[in-house]
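Letters A, B, ... mirror the listed sequences (proteins, then strands); counts begin at 1. The figures that follow rest on heavy atoms only: side chains count, while hydrogens, waters and symmetry mates do not.
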Amino acid sequence: MKRTHYCGDLRSEHIGQTVTLCGWVWHWRDHGGVIFIDIRDRTGHSQLVFDPNHHQENHRRANLLRSEFVIEITGQVRERPEGTKNPNYGTGEIEIVVNEMAVFSESETPPFPIADHVDIGEDVRLKYRYLDLRRPAMRESVLFRSRCYHVVRNYFNANEFIEVETPVLSKSTPEGARDFLVPSRVSPGEFYALPQSPQIYKQLCMIGGLDRYFQIVKCYRDEDQRADRQPEFTQIDVEMSFITPEDIFAVMEGLMKVIWREMKGVKIETPFPRMPYDEAMARFGCDRPDIRFALELKDIGDIAKESDFQVFQSIVDSGGIISGLCVKGGAAFSRKEIDDLASEAAIYGAKGLAWMKYSEKGLESSIVKFFSEGQQNALIERFAAEPGDLLLFVADKKEIVYPSLSHLRLLIGARQKLFDPAADRFLWIVDWPLFEKDDNGNPTPSHHPFTSPTPDTLDFLETDPFRVRAQAYDLVLNGIEIGGGSIRIHRRDVQSRMFKTLGLTEEKAQERFGFLLDAFRYGAPPHGGIAFGYDRLIMLMLGLPNIREVIVFPKNQRAQAVMEGAPSEVDEEQLRELGIRKKL
RNA sequence: GGGGCCGUAGUUCAGUUGGUUAGAAUGCCUGACUGUCGAUCAGGAGGUCGCGAGUUCGAGCCUCGUCGGCCCCGCCA
């Protein structure tokens with residue numbers, strides 16, 4: 001007998017039909033006489049009825065069924081008696097009187113209930129991921145993710161993009177993230193690398209004339225994990241020729257619009273606002289600001305410099321900055337609450353958190369005495385403070401002030417419920433610096449070394465690299481970076497100058513990226529693109545707390561697959577074939 | 001590399017100031033029950049308190065170490 005319907009699809013229109021369902025035994029309710037069993041598959045569940053008056057043998061066998069047995073039944077769909085319908089489920093109007101039943105496999109008692117209403121430790125869930133996937137919420141995010149692939153593919157197909165698969169066995173590029181290396185039996189002592197992104201391949205596709213490329217692609221980075229970072233993750237990767245950033249914005253805004261419409265039924269406004277990097281840092285202390293709420297940073301270096309507060313003065317003198325936040329109603333914070341905020345700021349290196357409470361009597365705190373009345377008024381005015389507010393200041397290097405205040409801002413914003421958690425606010429961050437300083441103060445790419453400088457700052461490449469601006473852009477949603485890209489360098493001479501600025505010798509550059517530089521010799525079109533974090537996007541749309549919830553078989557915090565046990569040791573024979581000896 | 005929180009029954013957790021026999025809920029097993037839907041009721045089984053040292057008359061609780069989980073800083077072109 002063949003399955004005729006999915007368990008979650010039956011409705012009152014099926015009443016009277018004989019149906020065959022396959023699925024897992026979910027809940028059962030044995031009333032001594034009648035037994036109800038919910039049969040579940042990926043679509044939902046239906047209620048089976050085993051009535052001893054209807055079929056004594058089936059009723060006896062139903063008694064032996066247990067959680068997660070896999071069964072097939074054939075029976076008649078009937079309307080439930082009045083008063084026993086369940087409006088909470090799509091199938092709540094009907095039930096199935098079972099005529100025939102087969103048990104495909106029995107099941108041991110599962111280590112945790114197949115239900116959403118219990119929180120199970122993630123280590124247990126991952127060990128038994130195949131059971132976890134049976135839980136309705138998990139199943140829903142898998143299905144959601146699957147539907148979203150189709151929306152993305154349809155969109156790019158409709159817009160004349162070409163889907164291309166780039167290699168997974170690739171060449172190591174030691175810049176940037178650590179590579180996963182793959183040894184080769186055919187070339188002993190040599191290694192492929194798994195791509196951190198298909199960056200160079202998609203540029204070569206442009207040089208190959210494909211013009212508009214997209215790919216939904218796995219990327220691999222051997223770095224430490226976070227709630228939103230996995231060693232392998234999925235990107236929506238895009239590249240286009242003969243374009244400006246505006247073309248990228250339009251295409252990606254269109255994609256977001258379609259995804260939100262199809263997946264959430266929500267209309268989002270385009271174009272998205274754009275904000276220069278410097279403005280984002282100054283106003284929010286962060287290159288991916290959450291603009292669902294204000295609570296902006298204000299620089300007070302000019303006021304503090306004039307004050308008698310030695311600590312602030314010396315920080316300004318040594319090139320540091322002083323910036324602050326005005327917390328509405330924060331004057332009511334206890335000493336402990338402020339101390340707690342200070343330790344939150346300390347995570348990002350802030351050595352202290354200065355504060356002033358503002359009441360009808362004026363500003364109050366141990367440092368107010370160092371500020372003249374005029375300076376105090378200037379502070380109040382700078383923050384548009386009102387009685388009852390709390391001013392918080394961090395003074396240090398930019399690299400400490402901005403992250404710590406940004407963190408406090410998000411903390412306070414969440415605590416004071418300053419934003420609607422259901423709102424979605426997109427933002428393009430533009431005008432990035434091409435370089436940032438590495439530990440030794442040398443230039444290192446903000447994005448990657450193929451990002452094109454803006455034409456008007458190009459010539460600072462040799463003289464003042466930190467002044468060079470990039471034709472780069474990030475898309476930020478609710479304070480989380482969901483995508484980033486740039487217009488690429490398409491000229492061999494510019495790419496060479498870029499490598500030179502990064503301290504790559506001609507030989508090194510040739511060895512690592514020679515194939516790209518060579519390609520530039522043969523007519524490279526101007527091009528650019530962007531890559532989107534697919535897992536993050538799904539996570540955000542579903543409001544889930546981490547990326548593992550939207551990955552079917554994720555790794556744990558230590559990048560291990562606990563179910564299958566990977567990574568694992570391999571046979572000596574395998575290593576010998578590869579010419580590898582362990583040195584641990 | 002560093003910081004924080006956590007680890008007690010299959011699962012989720014409680015466990016007071018260190019005190020004698022470690023609890024609850026749920027799940028599991030047995031029984032009862034003919035309209036339930038996270039069924040209900042009665043009974044039962046179920047523990048290396050992550051592991052190892054130490055302090056103590058006595059440790060789930062205190063100390064040190066260690067292992068594991070999650071979150072964060074660094075890292076993530």
Among all residues two or more places apart in sequence or in another chain, which pass the salt bridge (Lys or Arg N to Asp or Glu O under 4.0 Å) test with A:Lys218? A:Glu232

Residues in salt bridge (Lys or Arg N to Asp or Glu O under 4.0 Å) contact with A:Asp41, at least two apart in sequence or another chain: none

So do A:Leu540 and A:Ile482 actually touch side chain to side chain, heavy atoms under 4.5 Å? yes

Kindly write out the residues that satisfy salt bridge (Lys or Arg N to Asp or Glu O under 4.0 Å) with A:Arg288, not counting sequence neighbours, or none if the list is empty. none

Mind checking the C1' distance from B:C62 to B:U17? Whole angstroms is fine. 12 Å

Sorted by chain and number, sequence neighbours left out, ring-ring contact (aromatic ring centres under 6.0 Å, His included) with A:His527 holds for none

Between B:C70 and B:G50, how far apart are the C1' atoms? Round to whole Å, please. 16 Å

Just jot down the side chain to side chain donor-acceptor pair (under 3.5 Å) partners of A:Arg134, sequence neighbours excluded, or say none. A:Glu68

Please tabulate, one pair per line, each protein N/O and nucleotide N/O from nucleotides 25-31 of chain B that are separated by under 3.5 Å, including the distance.
unit_1 : atom_1 : unit_2  : atom_2 : d
B:C29  : OP1    : A:Arg66 : NE     : 2.9

Not counting sequence neighbours, which residues clear ring-ring contact (aromatic ring centres under 6.0 Å, His included) with A:His407? List them please. A:Tyr348

Applying ring-ring contact (aromatic ring centres under 6.0 Å, His included), can you list everything that pairs with A:Tyr534, at least two apart in sequence or on another chain? A:Tyr149

Rounded interatomic separation in angstrom, taking CZ from A:Arg29 and P from B:A39: 6 Å

Near RNA chain B, under 4.0 Å by heavy atom, which residues of residues 494-503 of chain A? none

With A:Asp340 via salt bridge (Lys or Arg N to Asp or Glu O under 4.0 Å) - residues at least two apart: A:Lys336

Those residues at least two apart in sequence (or on a different chain) that pass ring-ring contact (aromatic ring centres under 6.0 Å, His included) with A:Tyr402 are none

For A:Lys85 and B:U36, what is the distance between atoms NZ and C1' respectively, to the nearest whole Å? 16 Å

Side-chain donor-acceptor pair under 3.5 Å between A:Glu506 and A:Gln510, yes or no? no

Ring-base stacking, A:Phe36 with B:U36 (5.5 Å, 30° cut-offs): yes

Is it the case that B:G38 (base atoms only) and A:Arg135 (side chain only) share a donor and an acceptor within less than 3.5 Å, ignoring hydrogens and angles? no

Kindly give the atom pairs (protein nitrogen or oxygen, nucleotide nitrogen or oxygen) under 3.5 Å for nucleotides 68-75 of chain B.
unit_1 : atom_1 : unit_2   : atom_2 : d
B:G68  : OP1    : A:Arg558 : NH1    : 3.3
B:G68  : OP1    : A:Arg558 : NH2    : 3.2
B:G69  : OP1    : A:Asn556 : ND2    : 2.9
B:G69  : OP2    : A:Arg558 : NE     : 2.8
B:G69  : OP2    : A:Arg558 : NH2    : 3.4
B:C70  : OP1    : A:Gln557 : N      : 3.1
B:C70  : OP2    : A:Gln557 : N      : 3.3
B:C70  : O3'    : A:Arg548 : NH2    : 3.1
B:C71  : OP1    : A:Arg548 : NH1    : 3.1
B:C71  : OP1    : A:Arg548 : NH2    : 2.7
B:C71  : OP2    : A:Gln557 : OE1    : 2.5
B:C72  : OP2    : A:Ala227 : N      : 3.1
B:C73  : OP1    : A:Tyr348 : OH     : 3.4
B:C73  : OP2    : A:Arg226 : NE     : 2.9
B:C73  : OP2    : A:Arg226 : NH2    : 3.4
B:G74  : N7     : A:Arg226 : NH2    : 2.8
B:G74  : O6     : A:Arg226 : NH1    : 2.9
B:G74  : O6     : A:Arg226 : NH2    : 3.2
B:G74  : N1     : A:Asp224 : OD2    : 2.5
B:G74  : N2     : A:Asp224 : OD2    : 3.2
B:C75  : O2'    : A:Arg178 : NH2    : 3.4
B:C75  : O2'    : A:Glu223 : OE1    : 2.7
B:C75  : O2     : A:Arg229 : NH2    : 3.1
B:C75  : N3     : A:Arg229 : NH1    : 3.3
B:C75  : N3     : A:Arg229 : NH2    : 2.8
B:C75  : N4     : A:Arg226 : NH2    : 3.4
B:C75  : N4     : A:Arg229 : NH1    : 3.2

